[in-house]
Undergrad: 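One structure is given below, represented as structure tokens, and several questions about it will come after.
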Amino acid sequence: MDWKIALDTVWVLVAGMLVFFMNLGFGLVESGFARAKNTVNIISKNFIVFAVSSVAFLIIGWGLMYGDGNPFFGTQGLFMLGGADNSPAVGDAYTGVYSALSWTGVPLLAKFFFQLVFAGTAATIVSGAVAERIKYGSFMVFSFVLVALVYPVVGHWIWGGGWLAGLGFWDFAGSTVVHSVGAWAALAGVLVLGPRIGKFGKDGKARAIPGHNMTSAMTGALILWLGWFGFNPGSTMAADPGAISHIVVTTNMAAAAGALAATALAWVVLGKPDIGMTINGALGGLVGITAGCAFVSVGSSLIIGGIAGAIVVGGVLLLDRVKIDDPVGALAVHGMGGIFGTLAVGLFAQDAIAPGTTGDGLFFGGGFGLLGAQATGVVAVAAAVFGVSLVVWLAIKATLGVRVSEEEELEGLDIGEHGNRAYPDFVQTETVA
Amino acid sequence: MDWKIALDTVWVLVAGMLVFFMNLGFGLVESGFARAKNTVNIISKNFIVFAVSSVAFLIIGWGLMYGDGNPFFGTQGLFMLGGADNSPAVGDAYTGVYSALSWTGVPLLAKFFFQLVFAGTAATIVSGAVAERIKYGSFMVFSFVLVALVYPVVGHWIWGGGWLAGLGFWDFAGSTVVHSVGAWAALAGVLVLGPRIGKFGKDGKARAIPGHNMTSAMTGALILWLGWFGFNPGSTMAADPGAISHIVVTTNMAAAAGALAATALAWVVLGKPDIGMTINGALGGLVGITAGCAFVSVGSSLIIGGIAGAIVVGGVLLLDRVKIDDPVGALAVHGMGGIFGTLAVGLFAQDAIAPGTTGDGLFFGGGFGLLGAQATGVVAVAAAVFGVSLVVWLAIKATLGVRVSEEEELEGLDIGEHGNRAYPDFVQTETVA
Amino acid sequence: MDWKIALDTVWVLVAGMLVFFMNLGFGLVESGFARAKNTVNIISKNFIVFAVSSVAFLIIGWGLMYGDGNPFFGTQGLFMLGGADNSPAVGDAYTGVYSALSWTGVPLLAKFFFQLVFAGTAATIVSGAVAERIKYGSFMVFSFVLVALVYPVVGHWIWGGGWLAGLGFWDFAGSTVVHSVGAWAALAGVLVLGPRIGKFGKDGKARAIPGHNMTSAMTGALILWLGWFGFNPGSTMAADPGAISHIVVTTNMAAAAGALAATALAWVVLGKPDIGMTINGALGGLVGITAGCAFVSVGSSLIIGGIAGAIVVGGVLLLDRVKIDDPVGALAVHGMGGIFGTLAVGLFAQDAIAPGTTGDGLFFGGGFGLLGAQATGVVAVAAAVFGVSLVVWLAIKATLGVRVSEEEELEGLDIGEHGNRAYPDFVQTETVA
């Protein structure tokens, strides 16, 4: 047996487990930022979405994304990992149908597991933005479609050897593939759903609807930070000591800078260091460094993270202004953070850090070529995912319906959708509207 | 130094840490499903039980389970790991007294740690079923006896080279060894304790006593799911890349299928997708795949998990019907799930997946031989553990007492047993009598 | 590529991630032991402190601690890891400026990450002791100074090849370097701040101010226990199978013994097994074994953990008696536990366990030499850290101020410092003055 295959497998699986754990992180951040009366619904969504994703990615998503095919989607090995594969043969020696991942010699099921937890992340991002008003069953249907079809097709363009990869677009761990995809799918849902009752007053101004549990939110945020140590360094899919050490540190520094920048900016703009901004700033920093974690220096990671954190603060305030109701800030964190992070590769990448990959970005003398490719990818993914998601959401609306009744929304979705209460032993206050 | 020993050790230790973390998962699921007034008591039980288990397994349990001896229990190296051991020598080269684990070359203390966290799991399963009425000290005493004597002896039969192993009984990661053992010990305790005040009305019908914190329950469930990625793949006790990748995926798929099946069934039977059923369904899927995770295909894991999830829903409703009061559903999850999972090996095992182990099960042309061995193990373990546990519980009842006073139960065990309140800053509602 | 470098790197990074996760553990223990009205502030402190530490340790702390220099602090490679380094060259082959860590061949950034999470731990210990009355900004400033200057200088003495290391002082994973440093810095802060309003009655007696969320506290404690499996065995900074297996077990046994001893002692002294004592006892056991985990036997780890757990119970009661107000028990756990653990090396170390390191301690025939060196280190670190911290705290007091207004303290720091409430949907009781 080869030590490298064994060690790489342990690394990929452990990293995948950390990414799996992000389901809890998202569940706690999202439910913590929402009201107590919708807690059961939100955490149920975050829990079941990974079950749905597991089945959807197994039966079709994996093959569409990583099966050999055309520049747009995979056409081989589509059903239940049923294609030929001779891992651990790598590179030219690989003769299976999942050649886009032939650079890593770990077993097929290790590749599958790691990619599955990524697919699940994209779906779980949607959950937060549509929270507090979406029907449980309709969310499950959308999640299935997203992970079975939308995510894998776009993913194929970039990580499956498709047309964006051919164009020189680089997204190391998924600022675009995972985070922007989730955010664009969510934005379509948010627009179809409309804002929560009471979010915008008669004067049109946004009203704060405070989250019910900051302990949950902070717990979730730290779990996400931890999970990102699997998400980014694990995307090497090999235990390359130099690369994974580098990525762990850039990831951490971007999170730290994002938290500090958002806290400072909130302190200035809002007058106090709002905890929601601190949390979302850190998450923004993490999303921002995801595309470039392997390509930029530690110093650059501080700058990228700091800018991303500031963008999140601005983004949350901006979305309120334009009357887009995202209860947890997911669009700012994953959408704006994802776009910026993807573009940041075009600005901060250094050929010396990962030779033979991105080349130099604009700030390091590489000109506008890389930045142009990154921008192309951002726009293409936005158009595709937003467009298709809108159609899917509208189809669901026309059939199952997407939004719970006004009564149910006021009473809380926990009773209406699940027949449960999250905290029956505690006396609760009247919540907004 | 040998890379394989070093890598296997890292893998076994990391997997063991994940299993250790399941203590938190159990603590949160159990306390979340119980009332606020008993929270301190439940989480104290779940915390201290691992401390008790650590000592009990160190001073005697390990030796009884893995010491060389007769088909029924170990007789060598009994006290505090004090037996001869020449790990990393493996197989025929091994000359120590813990030869049942001589197939893995990791250091003795790595073997011990991994087996210790398993022993602790068995004990923590009991905690949930007996919750909300048991005396703290009496629970500690039972846990000590379980981990020092009962669990190791039964474990010796199966994993220690004992008579059930000789019979061709297979339980890869402990559907029977850990989960059923915990459940049978719990059932004996539940019968000795009787139901909680107010659980069954004067009409004899079961009344719902809602859990106080669904955020806790869901957090615990996802931690358990994560922990199972140590529990099942770690049971290889070696970083075999093909095996651990396979087991991670079968484990995950069974959990997903269990969650989906239980959610769907609850939706049909109860009218709504009850969150408790979703959670327990996932856990049932995990328990169900535990015995066979290394022996069955990914497709089979979906079926096994789905059936186990459905069994849990039926089991919870059935136990209510027969007036057995298990506040958290542990008997359905670990008992029924564990029995089904053990039998499922006899149905779904495929020789091609782990050549030279189980052979083929009934559904893959292997006939009834394997299924018969599995059924024998199920019955033997049930009889032994339930019988001995009943005696131990009755002995404790006759001496220390097992149940708190009626007043204390009504007031909550937090005050009565610990002098603490879990949430003193919050106004609480009156709970069910 | 060398398998050892790759495996060591994976091990060090995974261990570092577990230590990072301790930030959540501390945040939940500390906020759980405090009142609901200060929750946002406490968890914000615990979150932002790691961001602050990341920047502080990157830009200067690392170099001061591990840069080559004199016996008192590093003078080379000070700024942003900017010194020469030729890892993975080890030992005599190493020609970089961070030679104190030249014994491990992992990449520089892996070393940095692991040491960074340790630095963050020291800072987060302070957070709990000064909780419920400190200004958010002032805490951030102190944390920056601690991690940029104080911690690294003292750390250089012991782990950076400085004068205490030369004296034969041994602290394997940081009972002194991390825990005592945090505690002495905290004590200075506690004295400068004074006790919380209402903590000591007019009769001078301490009043209990119950923590608001025992679920949080227990969750945090188990996360810390898990994190310690990175903290102690990871301090090998190499995947040495024998050493890490040994350390995992000694760490676990000390925690178990600490929990049991503290629970038993609390049962005797307070009449009931108080959950706070159980938790802090386990943490005390963990702190106590941290210095000696690699040098003492499994049997000794039980004794050390048990004594440390008992010390924590006594320490908490003693600090109340002398009117030092530490809301979470951090001074007893990290201060007294850290001192005892450091001295315990001088008592329980055995040359046979880690040949060529400590030699034998007093109880194993080694005489008073080792114990004397340990005591010297304890005193030197105490004097330096307490003294410098006192000056820093007083300087902050004279400029920014350290304590919130009386009104804000009564209302809760969540509103005053952050403009947030942690649990707005729940009706809360009046808390102690």
Side-chain angles (χ1 to χ4, degrees), chain A residues 3-4 7-8 10-11 14 18 35-37 210-215 217-219 221-223 225-226 229-230 233 238-242 244-250 252-253 255-260 263 267 270-276 278-279 282 298-299 302 423 426-431, chain C residues 1-3 5-10 12-14 16-18 20-21 23-24 27-28 31-32 39-41 43-44 46-48 50-55 58 80-81 88 106-113 116-117 136-137 140 213 216 219 414 416-427:
Chain A
W3 70 264
K4 184 157 167 42
L7 176 60
D8 287 351
V10 168
W11 170 247
V14 170
L18 288 171
R35 287 164 290 183
K37 65 182 179 183
H212 87 288
N213 195 327
M214 292 306 109
T215 297
M218 188 60 82
T219 300
L222 278 165
I223 289 173
W225 192 330
L226 174 71
F229 291 140
D240 174 353
I244 62 178
S245 301
H246 182 87
I247 298 170
V248 165
V249 173
T250 54
N252 186 70
M253 286 302 154
L260 290 170
T263 303
W267 215 324
L270 305 175
K272 291 190 177 175
D274 178 85
I275 189 175
T278 299
I279 288 174
V298 172
L302 275 173
Y423 309 104
F426 298 92
V427 178
Q428 292 176 34
T429 59
E430 291 298 309
T431 53
Chain C
M1 196 162 54
D2 181 351
W3 70 264
I5 293 165
L7 176 59
D8 287 352
T9 303
V10 168
V12 168
L13 292 179
V14 170
M17 292 170 199
L18 288 171
F20 163 82
F21 200 38
N23 283 289
L24 177 56
L28 290 175
S31 63
T39 301
V40 167
N41 180 250
I43 57 183
S44 289
N46 280 81
F47 192 85
I48 206 74
F50 188 68
V52 169
S53 299
S54 292
V55 174
L58 175 68
M80 281 194 69
L81 293 163
V106 301
L108 177 61
L109 287 178
K111 297 176 188 176
F112 170 75
F113 177 69
L116 162 64
V117 291
Y136 187 58
M140 288 173 69
N213 194 328
S216 285
T219 300
D414 291 2
E417 296 295 288
H418 301 274
N420 299 122
R421 293 175 61 207
Y423 310 105
D425 293 0
F426 298 92
V427 178

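Proteins get letters first, then strands, A, B, ... in listed order; numbering begins at 1 in each.
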Undergrad: Need one label for C:S216: side chain, backbone, both or neither, based on atoms under 4.5 Å from any heavy atom in chain A.
TA: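 Just its side chain gets close to chain A.
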Undergrad: Output the option from A:A256, A:P273, A:A259 having the highest count of non-hydrogen pairs under 4.5 Å with chain C.
TA: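 Counting heavy-atom pairs under 4.5 Å, the top option is A:P273.
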Undergrad: Side chain, backbone, both or neither: which part of A:L270 has a heavy atom under 4.5 Å from chain C?
TA: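 A:L270 has no heavy atom closer than 4.5 Å to chain C.
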Undergrad: Using heavy-atom distances under 4.5 Å, tell me whether C:V106 contacts chain A through its side chain, its backbone, both, or neither.
TA: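 The answer is neither part of C:V106.
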Undergrad: C:L13 versus chain A, heavy atoms under 4.5 Å apart: side chain, backbone, both or neither?
TA: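 C:L13 touches chain A through side-chain heavy atoms alone.
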Undergrad: Compare all side-chain heavy atoms of C:V14 with those of A:W11 and state whether any distance is below 4.5 angstrom.
TA: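 Side chain of C:V14 against side chain of A:W11, heavy atoms only: contact under 4.5 Å found.
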Undergrad: I need the minimum non-hydrogen distance between A:V249 and C:F113, along with the two atoms involved.
TA: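 Closest approach of A:V249 to C:F113: CG2-CB, 4.1 Å.
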Undergrad: Does A:H212 offer a backbone N or O that forms a donor-acceptor pair with the side chain of C:D425 under 3.5 Å?
TA: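 The answer is no, because no donor-acceptor pair under 3.5 Å joins these two groups.
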Undergrad: Calculate, to the nearest 0.5 Å, the distance between atoms CG and CD1 belonging to A:L260 and C:I48 respectively.
TA: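 Reported value, rounded in 0.5 Å steps: 4.5 Å.
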Undergrad: Is C:L116 in contact with chain A via its backbone, its side chain, both, or neither, using a 4.5 Å heavy-atom distance?
TA: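 Contact with chain A involves the side chain of C:L116 alone.
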Undergrad: Would you mind checking which part of A:T263 comes under 4.5 Å of any heavy atom in chain C, side chain (CB onward), backbone (N, CA, C, O), both or neither?
TA: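 Contact with chain C involves the side chain of A:T263 alone.
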Undergrad: Please name all residues satisfying ring-ring contact (aromatic ring centres under 6.0 Å, His included) with C:F47, sequence neighbours left out, ordered by chain then number.
TA: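 C:F47 satisfies ring-ring contact (aromatic ring centres under 6.0 Å, His included) with A:W225 only.
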Undergrad: First locate atom CG of C:D414, then atom CD1 of A:I275, and finally report the distance between them rounded to the nearest 0.5 Å.
TA: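 The CD1 atom of A:I275 is 8.0 Å from CG of C:D414, to the nearest 0.5 Å.
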Undergrad: Shorter than 4.5 Å, heavy atoms on both sides: which option in A:V248, A:I279, A:D8, A:V10 has the most such pairs with chain C?
TA: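 It is A:V248.
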Undergrad: With chain A as the partner, which of C:N46, C:V40, C:L81, C:L108 has the greatest number of non-hydrogen pairs under 4.5 Å?
TA: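 Max contact count across the listed options: C:V40.
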Undergrad: Test side chain to side chain contact (heavy atoms under 4.5 Å, CB included) on A:T429 and C:F426; report intermediate values, then the result.
TA: CA-CA 6 Å; A:T429 59; C:F426 298 92; over 6 Å; no
Undergrad: Side chain to side chain contact (heavy atoms under 4.5 Å, CB included) between C:L109 and A:V298: does it pass, once the steps are laid out?
TA: CA-CA 10 Å; C:L109 287 178; A:V298 172; 4.2 Å; yes
Undergrad: What I'd like to find out is whether the side chain of C:N23 reaches to under 4.5 Å of the side chain of A:M218, using heavy atoms alone.
TA: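 Result no, sub-4.5 Å side-chain heavy-atom pair not found.
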Undergrad: Where on C:Y423 is there a heavy atom nearer than 4.5 Å to chain A: the side chain, the backbone, both, or neither?
TA: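 For C:Y423, the contact with chain A is made by backbone and side chain together.
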Undergrad: In the structure I gave you, are the side-chain heavy atoms of A:L302 and C:V55 within less than 4.5 Å of one another anywhere?
TA: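 Yes, side chains in contact.
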Undergrad: Kindly give the heavy-atom pair with the smallest separation between C:A110 and A:S245, and that separation in Å.
TA: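 Minimum heavy-atom contact is CB-OG, 3.3 Å.
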Undergrad: Start with the C-alpha gap between C:I43 and A:M214, add the side-chain angles, then the distance that decides, and say whether side chain to side chain contact (heavy atoms under 4.5 Å, CB included) holds.
TA: CA-CA 8 Å; C:I43 57 183; A:M214 292 306 109; 4.1 Å; yes
Undergrad: Chain C: which of A:I223, A:T278, A:T215 shares the most heavy-atom pairs with it under 4.5 Å?
TA: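 Most heavy-atom pairs under 4.5 Å with chain C: A:T215.
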Undergrad: Where is the tightest heavy-atom contact between C:P424 and A:P210, given as atom of each residue plus distance?
TA: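 Taking C:P424 first and A:P210 second, the nearest heavy atoms are CG-CB, 3.9 Å.
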Undergrad: Quiz question: by atom type and distance under 3.5 Å, do the side chains of C:S54 and A:N252 form a donor-acceptor pair?
TA: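 Short answer, yes.
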Undergrad: Atom CG in C:L28, atom OG1 in A:T219: separation rounded to 0.5 Å?
TA: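 Separation between the atoms: 4.0 Å.
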Undergrad: Heavy-atom cut-off 4.5 Å, strictly under: side chain, backbone, both or neither for C:V12 against chain A?
TA: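 Neither part.
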Undergrad: With a 4.5 angstrom heavy-atom cut-off, which part of A:V427 approaches chain C: side chain, backbone, both or neither?
TA: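 Both backbone and side chain of A:V427 come within 4.5 Å of chain C.
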Undergrad: What part of C:M80 gets within 4.5 angstrom of chain A, counting heavy atoms only: side chain, backbone, both, or neither?
TA: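 Interface part for C:M80: side chain.
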Undergrad: So, C:F21 versus A:F229, ring centres under 6.0 angstrom or not?
TA: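 No, they do not, as the ring centres are separated by 6.0 Å or more.
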Undergrad: Between atom CG of A:D274 and atom NE2 of C:H418, what is the distance when rounded to the nearest 0.5 Å?
TA: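 So the gap between those two atoms works out to 9.5 Å.
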Undergrad: Between C:L58 and A:M253, does the side chain to side chain contact (heavy atoms under 4.5 Å, CB included) criterion hold? Intermediate values first, please.
TA: CA-CA 9 Å; C:L58 175 68; A:M253 286 302 154; 3.9 Å; yes
Undergrad: Of the backbone (N, CA, C, O) and the side chain (C-beta and beyond), which part of A:L7 lies under 4.5 Å from a heavy atom of chain C, both, or neither?
TA: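 Just the side chain, heavy atoms under 4.5 Å.
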Undergrad: Can you label the angle between the C:Y136 ring and the A:W267 ring as parallel, tilted or perpendicular, going by 30° and 60°?
TA: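 Tilted, since the angle between the ring planes falls between 30° and 60°.
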